[in-house]
Amino acid sequence: MTIKQNYERISEQIRSAKSRSNRDDQVTLIAVTKEVSVHVAKEVLELGINQLGENRFEGLQDKQDHINTDVVWHFIGSLQTRKVKDIIHRIDYLHSLDRMSLANEIQKRANEPLKCFIQVNISGEESKHGLSPEEAVNFARELAELDKVYVVGLMTMAPYTEDQQVIRNSFKGLKDLQTKIKGLEIANVPCNELSMGMSNDFEIAIEEGATFIRIGTDLVGKGR
Ligand SMILES: *Cc1c(COP(=O)(O)O)cnc(C)c1O
């Protein structure tokens, strides 16, 4: 399969998932290029995708050094506080905001508000990053003070399982939490977006309300 064929298949899957759930709003596809070369990232851009996701500073820097077209850059990996100053001026969205020390550092370093997703560990698995739903609500309230941290929404990773219902329940849980936090009308926390869905589960995520999906393997494979 070529990347173009993958993209056509995924686009069709996105269309059908949207129609099954009667959605006509926007679902933004982020091409996760963390496992692939600059060359492959360029191939993705040539297909008309302009949203790229990376999870390490080095990968981000490498892609940015070699790509000079307009790209919306998403940082999807966990971010060390000391790396904030290197990354903040390079990215459009941070998907892994999960603690106050990180938010404070963003506040200190940013020239303009950074669009962030609060990362939530909705399934409660110990191996997963992110805040519990209760912690996320409190955290969102604290962020009202920080005008450089603009919380566009919530992000999660579903458990790695074959059980579709478990996956679906995770996404439903994130949607419920997003509705709740949005309803609190916290300053700097509009919380309209849901970043959820990867290669294995993006169709379920769309059915449950994802507005950003993050696809790597299914689109570009690994190690090319
Ligand atoms: C790697 C990664 C993805 C993409 O995963 P695939 O299964 O390859 O589609 C999405 N989100 C995050 C946070 C990732 O680290």
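Here the structure is a predicted model, which is why all the values come from computation and not from measurement. Residues take their numbers from the sequence shown, with the count starting at 1. No hydrogens, no waters, no symmetry mates; every other heavy atom, side chains included, goes into these values.
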Residues forming a side chain to side chain donor-acceptor pair (under 3.5 Å) with [X], sequence neighbours excluded:
| X | result |
| --- | --- |
| Glu162 | none |
| Gln164 | none |
| Lys115 | none |

Would you give me the side-chain donor-acceptor pairs under 3.5 Å for residues 80-91, sequence neighbours excluded?
residue, atom, partner, partner atom, Å
Thr81, OG1, Arg99, NH2, 3.0
Lys85, NZ, Arg82, O, 3.2
Arg90, NH1, Gln64, OE1, 2.6

Strictly below 4.0 Å, N to O, side chains only: are Glu12 and Arg15 in salt-bridge contact?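 Salt bridge present between Glu12 and Arg15.
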
Could you list the residues that satisfy salt bridge (Lys or Arg N to Asp or Glu O under 4.0 Å) with [X], not counting sequence neighbours?
| X | answer |
| --- | --- |
| Glu207 | Arg20, Arg168 |
| Glu112 | none |
| Asp25 | Arg23 |

Considering only residues two or more places apart or on different chains, which pairs with a residue in residues 171-185 satisfy salt bridge (Lys or Arg N to Asp or Glu O under 4.0 Å)?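 Qualifying pairs, neighbours excluded: Lys172-Glu208.
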
Pairs where residues 134-150 contributes a residue and the test salt bridge (Lys or Arg N to Asp or Glu O under 4.0 Å) is met, not counting sequence neighbours: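 Found none.
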
Residues in side-chain contact (heavy atoms from CB on, under 4.5 Å) with Val32, at least two apart?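 With sequence neighbours excluded, Val32 shows a side-chain contact (heavy atoms from CB on, under 4.5 Å) to Lys34, Ile76, Arg214, given in chain and number order.
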
Going by side-chain heavy atoms closer than 4.5 Å, which hydrophobic residues are tied to Val166, directly or by a chain of links?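 Besides Val166, the cluster holds no residue at all.
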
Testing the 3.5 Å rule here: is there a donor-acceptor pair between the side chains of Thr33 and Glu54?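 On atom types as modelled, these side chains qualify, holding a pair under 3.5 Å.
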
Under a 3.5 Å cutoff, is there a donor and acceptor pairing between the side chains of Ser96 and Gln119?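 Per modelled atom types, Ser96 and Gln119 side chains form no pair under 3.5 Å.
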
Measure from the side-chain N and O atoms of Thr156 to the backbone N and O of Val120, and report whether any donor-acceptor pair falls under 3.5 Å.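 Indeed, once roles are kept as given, a pair shorter than 3.5 Å links the two residues.
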
Sequence neighbours left out, what passes ring pair (Phe, Tyr, Trp, His ring centres under 6.0 Å) with Tyr93? Give chain and number order.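 With neighbours one apart ignored, the set is His74, Phe212.
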
